[in-house]
Structure formats: structure tokens, C-alpha cells
Amino acid sequence: MEIIQIVGLGLIATILVLIIKEQKPIFAFLLTAFTGIVIFLFLIGKIASVIQILEDLALNANVNMIFLKTILKIIGIAYIAEFGAQIVRDAGQESIASKIELSGKILIMVMAIPIVSVIIETVVKLLPA
């Protein structure tokens with residue numbers, strides 16, 4: 001039932017933003033950013049439990065924890081970049097939002113290099129010489 005609380009908070013914040021936006025656009029933006037952060041903080045516990053379950057599964061499957069941690073970092077970068085870009089987009093700065101998204105993609109590519117190299121090495125070992 002947490003979704004009802006999240007949607008309720010979002011609807012109330014939206015109504016307030018629409019009312020405030022006419023007279024004080026900066027306060028409307030701050031309310032939008034604050035609401036996004038509150039929703040994110042509300043979900044931190046859920047995210048932590050998902051990460052714990054994934055770590056337990058990786059341990060049981062004898063998966064190298066470096067790979068799991070790298071994948072979790074990549075997912076984190078994607079979510080944070082998207083969140084930041086959405087907030088900047090809400091402020092009407094599409095160009096900056098695009099740069100945040102591009103930065104997130106580049107950081108993901110950099111983080112993925114060790115995993116890609118292990119996959120390539122494995123495939124090369126499987127090919128006949």
C-alpha cells in the first residue's frame with residue numbers, strides 16, 4: 001500500500017506546484033525537487049532489501065561479488081542520472097538534462113568495461129584455436 005502514499009504525496013505536491021508556480025516559480029521548483037527526494041528516501045529501505053536479496057543469491061550461486069557490485073553500481077548510476085535529469089528537465093533546462101543523461105551513459109560504459117572484458121575473454125577461450 002506504499003504506492004497509495006507515494007501517489008498521494010505526488011498528487012498533493014502537484015496541486016501545490018500548480019498553485020505556487022504562477023507567483024513563485026522558484027518555490028514550485030524547490031517543492032518539486034523536495035517531493036522527488038522524499039519519495040526516493042521513502043524507497044531506500046525497499047532498495048536495500050532488494051540489494052541484500054541479490055547479494056544472498058550471488059553468494060549461493062558462487063558468483064564473484066565484484067561483478068554483482070559493479071552491476072549494482074551501474075544500476076545506481078542509471079537511476080541517479082535519470083532522477084537528476086528529470087529534476088533539471090522540470091526546471092526547463094533540457095540541454096543540461098541531456099548532458100546529465102550523457103554523463104550517466106558514459107559512466108555506465110566505463111563501469112561495464114571489466115565485465116565486458118571478462119565476457120570477451122571467456123568467449124575467446126571457448127573458440128577453437
Side-chain angles (χ1 to χ4, degrees):
M1 287 304 165
E2 290 96 0
I3 191 66
I4 293 173
Q5 294 172 328
I6 293 170
V7 171
L9 175 64
L11 290 174
I12 291 170
T14 301
I15 291 168
L16 290 173
V17 165
L18 291 173
I19 292 170
I20 296 172
K21 195 174 194 174
E22 298 283 325
Q23 297 163 351
K24 300 282 185 180
I26 188 69
F27 289 133
F29 169 72
L30 291 174
L31 179 59
T32 300
F34 177 76
T35 303
I37 291 168
V38 167
I39 290 171
F40 179 74
L41 291 175
F42 184 77
L43 296 173
I44 288 286
K46 303 291 183 193
I47 295 168
S49 64
V50 168
I51 291 172
Q52 184 60 47
I53 290 170
L54 290 173
E55 286 177 349
D56 292 343
L57 288 171
L59 285 173
N60 291 338
N62 293 324
V63 173
N64 191 339
M65 290 304 286
I66 293 174
F67 296 130
L68 177 66
K69 295 214 181 276
T70 302
I71 290 171
L72 291 175
K73 286 178 185 178
I74 288 171
I75 293 169
I77 290 169
Y79 281 134
I80 291 168
E82 177 68 20
F83 181 75
Q86 287 176 2
I87 288 178
V88 172
R89 208 170 266 121
D90 287 342
Q93 299 299 316
E94 183 67 35
S95 177
I96 296 173
S98 297
K99 302 315 182 277
I100 291 172
E101 289 173 341
L102 176 65
S103 299
K105 290 173 186 176
I106 291 170
L107 290 173
I108 287 170
M109 187 173 56
V110 169
M111 296 283 302
I113 288 174
I115 294 173
V116 171
S117 65
V118 167
I119 291 171
I120 291 172
E121 288 174 10
T122 304
V123 169
V124 167
K125 288 178 186 176
L126 293 175
L127 293 175

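In this text, all values refer to a predicted model and were calculated from it rather than measured experimentally.
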Should Leu72 and Phe40 be regarded as members of a common hydrophobic cluster, given that ILVMFWY residues are connected when their side-chain heavy atoms come within less than 4.5 Å of each other, either directly or indirectly?
yes
Taking atom types as modelled, find out whether Ser95 and Lys99 have a side-chain donor-acceptor pair closer than 3.5 angstrom.
yes
Decide whether Leu43 and Val7 are clustered together by the hydrophobic rule: side chain heavy atoms of Ile, Leu, Val, Met, Phe, Trp, Tyr closer than 4.5 Å, transitively.
no
Hey, what do you get for CG (Leu102) to CG (Leu107), rounding to the nearest 0.5 Å?
9.5 Å
Here the gap from Leu54 atom CG to Leu59 atom CG, rounded to the nearest 0.5 Å, amounts to 11.0 Å
Are Ile115 and Met65 connected, step by step, through hydrophobic side chains (Ile, Leu, Val, Met, Phe, Trp, Tyr) whose heavy atoms are closer than 4.5 Å?
no
Determine whether Leu41 and Leu30 fall in the same hydrophobic cluster, where Ile, Leu, Val, Met, Phe, Trp and Tyr are linked whenever their side-chain heavy atoms lie under 4.5 Å apart.
yes
Say you draw a straight line from CD of Glu82 to CD of Glu101; how long is it, rounded to the nearest 0.5 Å?
5.5 Å
Heavy-atom closest pair (Leu68 atom, Ala58 atom, distance to 0.1 Å) is CD2-CB, 3.7 Å
So, taking the atom named OG in Ser98 and the one named CD in Gln93, what distance separates them when rounded to the nearest 0.5 Å?
11.0 Å
Heavy-atom count around Phe42 CZ within 6.0 Å, excluding the residue itself: above 12?
yes
State, yes or no, whether a side-chain contact exists between Met109 and Lys105 at a heavy-atom distance under 4.5 Å.
no
Which heavy atom of Thr35 sits nearest a heavy atom of Ala13, and at what distance?
OG1-CB, 3.3 Å
I'd like to know if the side chain of Gln52 pairs up with that of Asp56 as donor and acceptor (distance under 3.5 Å, no hydrogens or angles considered).
yes
With Thr32, the side-chain contact (heavy atoms from CB on, under 4.5 Å) member among Ile87, Asp90, Ile20
Asp90
Can you give me the closest heavy-atom contact between Val17 and Ala28, atom names plus distance?
CG2-O, 3.7 Å
Looking at every non-hydrogen atom in both residues, tell me the closest pair between Ala85 and Ala97 and how far apart they are.
O-CB, 3.5 Å
Considering all heavy atoms of both residues, which atom of Ile37 and which atom of Phe83 are nearest to each other, and what is their separation?
N-CZ, 3.8 Å
Closest approach of Ile77 and Met111, non-hydrogen atoms and distance?
CD1-CG, 3.8 Å
Test Thr122 against every option in Val118, Val124, Ile120 by the side-chain contact (heavy atoms from CB on, under 4.5 Å) rule and name the one that passes.
Val118
Do Phe67 and Ile74 land in one hydrophobic cluster if side-chain heavy atoms of ILVMFWY residues count as linked below 4.5 Å?
no
CD1-CD1 distance between Ile44 and Ile51, expressed to the nearest 0.5 angstrom:
8.5 Å
Is it true that, when you exclude Ile66 itself, more than 12 heavy atoms of the residues, nucleotides or ligands shown sit nearer than 6.0 Å to its CD1?
no
If you round to the nearest 0.5 Å, how far is NZ of Lys73 from CD1 of Ile80?
12.0 Å
